[in-house]
Amino acid sequence: MKEGIIISGVSSFYDVWTNEGTVRCKARGSFRKQGITPVIGDRVLYSDKLYLEEVLPRTSMLVRPPVANADQAILVIAAHTPEPNLPLLDRFLAQTLEQNIHPVLCCNKWDLVQEDDPIREVLAEYRKAGFTVLTASTLTGEGLDEVRAQLTGRINLFAGPSGVGKSSLMNSLVPGADQKIGTLSEKIQRGKNTTRHARLIPLPDGGFAADTPGFTFLYLGHLKYQELERYYPEFEGFREECRFRGCSHVTEPDCAVRAAVSTGKISRLRYENYTALYQKIKEDNEEHRYE
Ligand SMILES: Nc1nc2c(ncn2[C@@H]2O[C@H](COP(=O)(O)OP(=O)(O)OP(=O)(O)O)[C@@H](O)[C@H]2O)c(=O)[nH]1
Ligand SMILES: [Mg+2]
Ligand SMILES: [Zn+2]
């Protein structure tokens with residue numbers, strides 16, 4: 001038996017990447033009986049006759065798109081066109097932390113940024129919150145080396161709104177990625193996503209990267225509003241000082257997180273997005289309780 005990583009799959013056939021190259025294997029019917037669906041990112045054992053025999057235990061599992069063992073998400077926004085949607089970015093950040101996937105914020109289209117551009121201050125707030133923040137331009141090549149170095153050795157997902165340049169980044173960073181690039185006008189007019197299927201692309205220095213279509217990475221269905229605050233790293237060091245255990249930092253008196261917001265130690269922007277997201281998830285959770 002040999003070991004490899006699934007990099008793409010169509011019906012019951014899977015391309016399995018190994019040190020010696022890629023082999024196409026067929027999944028045994030027994031997987032279906034056991035309720036196991038092999039997905040990209042899965043570490044698998046396969047036989048000499050090229051049957052998938054076993055899916056090894058997963059360290060993480062994303063539902064939409066289905067990817068196993070992803071360990072880093074490159075959350076892409078554009079400095080402009082489209083303008084960053086920060087509440088959406090904060091949802092992505094919370095979700096990746098909740099899934100035990102390391103988030104990296106990558107601001108693309110840096111060629112469009114002026115000296116006094118407010119985006120600089122916005123990114124500074126995310127750095128202050130503890131996130132890794134990179135800037136890049138696929139047009140000028142600026143910042144691409146840093147992004148490439150960040151990818152090495154990991155299973156990376158590129159995620160973010162349509163039109164920010166995920167596929168362009170993949171093409172600039174990964175030789176042979178060959179992702180289809182959409183034109184922005186096309187997308188704004190028809191709101192259509194260019195990238196359709198997720199597949200893993202092996203990186204030259206080790207690791208893999210997957211492009212994902214548009215918004216689909218967003219899946220917070222199972223996140224509990226009571227747990228949301230865990231995924232705000234900048235609350236660390238304050239949440240312990242709140243008067244109430246289990247403080248939501250939304251309405252309770254003597255809340256150390258809110259105090260830190262009013263003294264500027266925690267970004268007001270991030271905090272306001274937190275309370276909005278908290279309310280939204282709370283409503284969603286309550287709706288589903290009565291279904
Ligand atoms: N100015 C500028 N434009 C860019 C840059 N990178 C990509 N673009 C343009 O942005 C548009 C969208 O790029 P894509 O790579 O298709 O975006 P995407 O995020 O993959 O979009 P979906 O697949 O729909 O989710 C294209 O017109 C690109 O040419 C950049 O660094 N600077
Ligand atoms: Mg794309
Ligand atoms: Zn609090």
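Start at 1 with the first residue, then count along the sequence. In this text the structure is predicted, and so the values were computed from the model without any measurement. Numbering of ligands and ligand atoms starts at 1, following listing order. Hydrogens, waters and symmetry mates play no part in the numbers below; they use all other heavy atoms, side chains included.
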Can you tell me how the ring of Tyr225 sits relative to the ring of Tyr278, calling it parallel under 30°, perpendicular over 60° and tilted otherwise?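 Judged by the thresholds at 30° and 60°, the geometry between Tyr225 and Tyr278 is perpendicular.
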Measure up the Phe235 and Tyr271 rings against each other and bin them: parallel (under 30°), tilted (30 to 60°), perpendicular (over 60°).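 Plane angle between 30° and 60°, so tilted.
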So which protein N/O/S atoms does the Zn ion (ligand 3) have within less than 2.8 Å?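 You should have found Cys242 SG, Cys247 SG, His249 ND1, Cys255 SG.
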Closer than 4.0 angstrom, basic N to acidic O: yes or no for Glu3 and Arg43?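 Result for this pair is no, no salt bridge flagged.
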Examine Ser167 and say whether one of its N/O/S atoms is closer to the Mg ion (ligand 2) than 2.8 Å.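 Ser167 does place an N, O or S atom closer than 2.8 Å to the Mg ion (ligand 2).
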Which atom pair, heavy atoms only, marks the closest approach of Cys106 to Ile74?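 Result for this residue pair: CB-CG2, 3.8 Å.
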Specify the closest pair of heavy atoms between Leu200 and Ala210, including all atoms of both residues, with the distance to one decimal.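 Between these two residues, the closest heavy atoms are CD2-CB, 3.6 Å.
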Arg32 atom CZ, neighbour heavy-atom count above 12 within 6.0 Å: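 No, CZ of Arg32 has 12 or fewer neighbouring heavy atoms, counting only those of other groups under 6.0 Å.
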Above 12 or not: heavy atoms from other molecules or residues under 6.0 Å from CD of Gln114?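 Counting other residues, nucleotides and ligands, CD of Gln114 stays at 12 neighbours or fewer.
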Residue Asp111 vicinity, atoms of ligand 1 by number, heavy atom under 4.0 Å: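 Listed by number with element: 1 (N), 2 (C), 30 (C), 31 (O), 32 (N).
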If you count the atoms of ligand 1 from 1 in the order shown, which ones are under 4.0 Å from a heavy atom of Lys166?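 Ligand 1 atoms under the 4.0 Å threshold to Lys166: 15 (O), 17 (O), 18 (P), 19 (O), 20 (O), 21 (O), 22 (P), 25 (O).
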Would you say Ala136 has any N or O atom under 3.5 Å from an N or O of ligand 1, going by distance alone?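 Such a contact does not occur with ligand 1.
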If I apply the N/O under 3.5 Å rule, does Gly160 come out as touching ligand 1?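 N/O-N/O distance below 3.5 Å does not exist for this pair.
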Counting only heavy atoms closer than 4.0 Å, does ligand 1 sit against the backbone of Leu169, its side chain, both, or neither?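 The answer is neither.
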Axial cation check for Tyr51 ring with Arg28, 6.0 Å and 45° limits: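 Here Arg28 passes the 6.0 Å and 45° test against Tyr51.
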Before giving the answer on side chain to side chain contact (heavy atoms under 4.5 Å, CB included), spell out for Gln279 and Val250 the whole-Å C-alpha distance, their side-chain angles and the decisive distance to 0.1 Å. CA-CA 9 Å; Gln279 295 299 350; Val250 176; 3.9 Å; yes
